[in-house]
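Below you'll find the structure, written out as structure tokens, and then a few comments.
The figures here come from the full heavy-atom set of this structure, side chains too, leaving out hydrogens, waters and symmetry mates. Order of appearance sets the numbers: ligands from 1, and atoms from 1 within every ligand.
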Amino acid sequence: MELKKIECVICPIKCNLKVFLEDDIVVKVEGNSCKKGLFYAREEFEESFIFVNGSVKVTGGLLSKLSVRTEFPVPKTKFFEIIKRINNIEVKAPVNVGYIIIENVAGTGVNVISVNSVNKKSTL
Ligand code: SF4
């Protein structure tokens, strides 16, 4: 197992991470105060992780579509499963930026969140 040391720069705490790699895959991270540190390490050392973007249907809103994306990079191998889940979701307006649309999508431990907001259609 190979050990790399990096600083997580996602927030001002700047945790010192010990990243354990096996065949260029992150198998363990130590020193992170939250789960974002794990995803940061994966993003730094693995090329097989990506953000997935898409849009979901909205009912009762001023717009009929809402843009969404994974909160963190996810394994590329989960791409089609995640897109399928996103394409089958329908949400009700109003929706604000950063709402969790799908929790733990495809068992990745990562949520799909809204990128924009959609206000409710006025009934006046
Ligand atoms: S691991 Fe979490 S707490 Fe530590 S720097 Fe990264 S985001 Fe901040």
Nearest protein heavy atom with distance in Å, relative to [atom]:
atom	value
atom 2 (Fe) of ligand 1	Cys34 SG, 2.3 Å
atom 5 (S) of ligand 1	Cys15 N, 3.3 Å
atom 8 (Fe) of ligand 1	Cys11 SG, 2.3 Å

(message) Quick check for you: to the nearest 0.5 Å, what is the distance between Lys84 atom NZ and Lys78 atom NZ?
(response) 12.5 Å

(request) Look at Cys8 and state whether any of its N, O or S atoms is less than 2.8 Å from atom 2 (Fe) of ligand 1. (result) no

Considering only heavy atoms of [X], which atoms of ligand 1 have at least one such atom less than 4.0 Å away?
X	result
Lys36	7 (S)
Ile10	7 (S)
Lys14	5 (S)
Gly37	1 (S)

Distance-only, no hydrogens or angles: does the [X] side chain make a donor-acceptor pair with backbone N or O of [Y] under 3.5 Å?
X	Y	value
Asn116	Ser67	yes
Asn104	Thr108	yes
Thr70	Val52	yes

(message) Salt bridge or not between Glu2 and Lys4? Use side-chain N to carboxylate O under 4.0 Å.
(response) yes

(request) Identify the residue among Val95, Val91, Asn88 that makes a side-chain contact (heavy atoms from CB on, under 4.5 Å) with Val56. (result) Val91

